[in-house]
**Q** 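Would you mind keeping the following structure in view while I ask a few things?
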Protein chains: 2
Amino acid sequence: MNTSLAITNRSLHDQVVSRVRDLIIEGVLEPGSRIDEASLIDELGVSRTPFREALRTLAAEGLLIVRPSKGSVVRKLTPEDVFAMLEVLGHLEQLAGELACERASDEEIQALVDLHNRMLVQYRARDRMPYYKLNQEFHSRLTELSKNDTLQEMQRNLQARLKRIRYIGNQRPDSWAGAVEDHEVMVSALKARDGARLGQAMAQHIANTWDRVKDSI
Amino acid sequence: MNTSLAITNRSLHDQVVSRVRDLIIEGVLEPGSRIDEASLIDELGVSRTPFREALRTLAAEGLLIVRPSKGSVVRKLTPEDVFAMLEVLGHLEQLAGELACERASDEEIQALVDLHNRMLVQYRARDRMPYYKLNQEFHSRLTELSKNDTLQEMQRNLQARLKRIRYIGNQRPDSWAGAVEDHEVMVSALKARDGARLGQAMAQHIANTWDRVKDSI
DNA sequence: TTTTTTGTTCTTGTATACAAAATACACAAC
DNA sequence: GTTGTGTATTTTGTATACAAGAACAAAAAA
């Protein structure tokens, strides 16, 4: 419909939300630190109104906390928080895997297998950043195959909250191989449309993630 | 403006959020209808800024949709939406049940049994509204026993979105008995700390809910 | 020297004003 | 009668101003 040349189809609100979200995920805004409205507004070149609305959205997403009359702080995750999130994420992805086996088309499964193969290339080249990005996509795409919008939404939300953690976890070289092996099992189960096995593999994969990250939180 | 004596520890934002959320859940603001900022602001006696911030929060909760430059509409749930939500909620509560069996204290379990007994009283008296409220509490409290904050948060969120649907479902008399039986099984499994059985029962209970409501959406 | 009090400054919360976009409506052309 | 166009009106989006609250620091008292 709107095929205008300008890219500004997105509302100012959405732009600010994703911009600040990235700042949090990338660690520019450190966990526990207070958000300096004035300087961020200045940097982003927007006024307070859309900025504050963006803060409310991010607070609802669980990325920051708005303390009445005391400003907003980037949410700091305790090990217990991370464990709780991974516990839930594990079960959500387990469900996603089972549903995907029932509901995905052959083409969709093949696309995921291709994605997995591309990940292997990056793994063999020890190219961490591209691998990391493909990994995020792998989990998102697999969840999409569940054909359950709510499930996708919740998975996306948890993934966003944990993005930094997961990145840290992946930085420890010894664990990388394990993650790749997990994916190997997942892909083979998906090809066989073995829902139970895929679900188990995904839950296990998330549980392994906890083992990988728990000491670095 | 601020009723001085009153304990207004809650920010205006929070008050507006829960007020509007209730209006949506109670059906005063009908699904699909546009939100008339001017009249609602007038009715609530607040200005646009906190009101709009509240809309952003509710949008993030999934209760309404903000269409840029076109106002906000109360989210209208399709049968597919409801099915997707119940599918996820079922698995979340299944997980909650299993965790509760591992992590809850005897006192906490006893408190839930007491709550169940109070529900039975209302059921025998055919007192629908008190039963409905206790039922919400039952599910919330059981989820609390999982000791997983993220799980609670997501359960709360889905429960809020589905609140109206569930109410409609409960209005059909023939299904009431079934729901009570489900709870009976759940409570007995909890007392026995039989996680697998409780999880199954909870998932089943949610699945039954779908059967009860699917024709009325 | 330590603690409490008070005043100043900075930050946040709320209201309002202004700009931009969308909708509704009237009138004209086909 | 239908379609199109231009204008008026309403509604939303953004900016800014003002008020209220919290943090901080300096001065006075213990």
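Residue numbers begin at 1 in each chain, while the letters A, B, ... track the order of the sequences. What's counted below: heavy atoms across the whole structure, side chains too, no hydrogens, waters or symmetry copies. Source: prediction; values computed, not measured.
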**Q** Considering only NZ, NE, NH1 and NH2 on the basic side and carboxylate oxygens on the acidic side, decide whether R118(B) and E137(B) come within less than 4.0 Å.
**A** no
**Q** Is there a side-chain polar atom (N or O) of R34(B) under 4.0 Å from OP1 or OP2 of dT12(D)?
**A** yes
**Q** So which of Q159(A), R156(A), Q152(A) actually passes side-chain hydrogen bond (donor to acceptor under 3.5 Å, both in side chains) with S140(A)?
**A** Q159(A)
**Q** Can you run down the ring pair (Phe, Tyr, Trp, His ring centres under 6.0 Å) pairs that involve residues 54-100 of chain B, sequence neighbours left out, and say none if there aren't any?
**A** F83(B)-W210(B)
**Q** Could you work out, with side-chain contact (heavy atoms from CB on, under 4.5 Å) as the rule, every residue matching V113(B), not counting sequence neighbours?
**A** I109(B), Q110(B), N117(B), V187(B), K191(B)
**Q** Restricting to side-chain contact (heavy atoms from CB on, under 4.5 Å), what partner residues turn up for V73(B), sequence neighbours left out?
**A** R34(B), I65(B), R67(B)
**Q** Quick test of your reading: applying ring pair (Phe, Tyr, Trp, His ring centres under 6.0 Å), list the pairs with at least one residue in residues 19-64 of chain B, sequence neighbours left out, ordered by first then second residue.
**A** none
**Q** Check every atom of dA22(C), dT12(D), dA15(D) against the side chain of K70(B) and return the nucleotide holding the closest atom.
**A** dA22(C)
**Q** Give one of base, sugar-phosphate or nothing for I41(A), where a contact means two heavy atoms less than 4.0 Å apart.
**A** nothing
**Q** Could you give the CD-to-P distance, from E53(B) to dT12(C), as a whole number of Å?
**A** 13 Å
**Q** Roughly how many Å is it from NE2 in H13(A) to P in dT12(D), rounded to a whole number?
**A** 16 Å
**Q** Quick one: salt bridge (charged side-chain N to carboxylate O under 4.0 Å, His left out) partners of R103(A), sequence neighbours excluded?
**A** E87(B)
**Q** If I take atom CG in residue L55(B) and atom P in nucleotide dT11(D), what distance separates them, rounded to the nearest angstrom?
**A** 15 Å
**Q** Output the single nucleotide from dA22(C), dT14(C), dA15(D) whose closest atom is nearest the side chain of S69(B).
**A** dA22(C)
**Q** All N/O contacts under 3.5 Å from nucleotides 16-19 of chain D to the protein, with atom names and distances to one decimal?
**A**
residue, atom, partner, partner atom, Å
dT16(D), O4, T49(A), OG1, 3.4

**Q** Using atom CZ of F51(B) as one end and atom C1' of dT11(D) as the other, report the distance to the nearest whole Å.
**A** 13 Å
**Q** Just how far, in rounded Å, is P of dT14(C) from CD of E37(A)?
**A** 12 Å
**Q** What's the CZ-P distance between R67(B) and dA22(C), to the nearest Å?
**A** 12 Å
**Q** Please give, in whole Å, the distance from dT14(D) P to R56(A) CZ?
**A** 17 Å
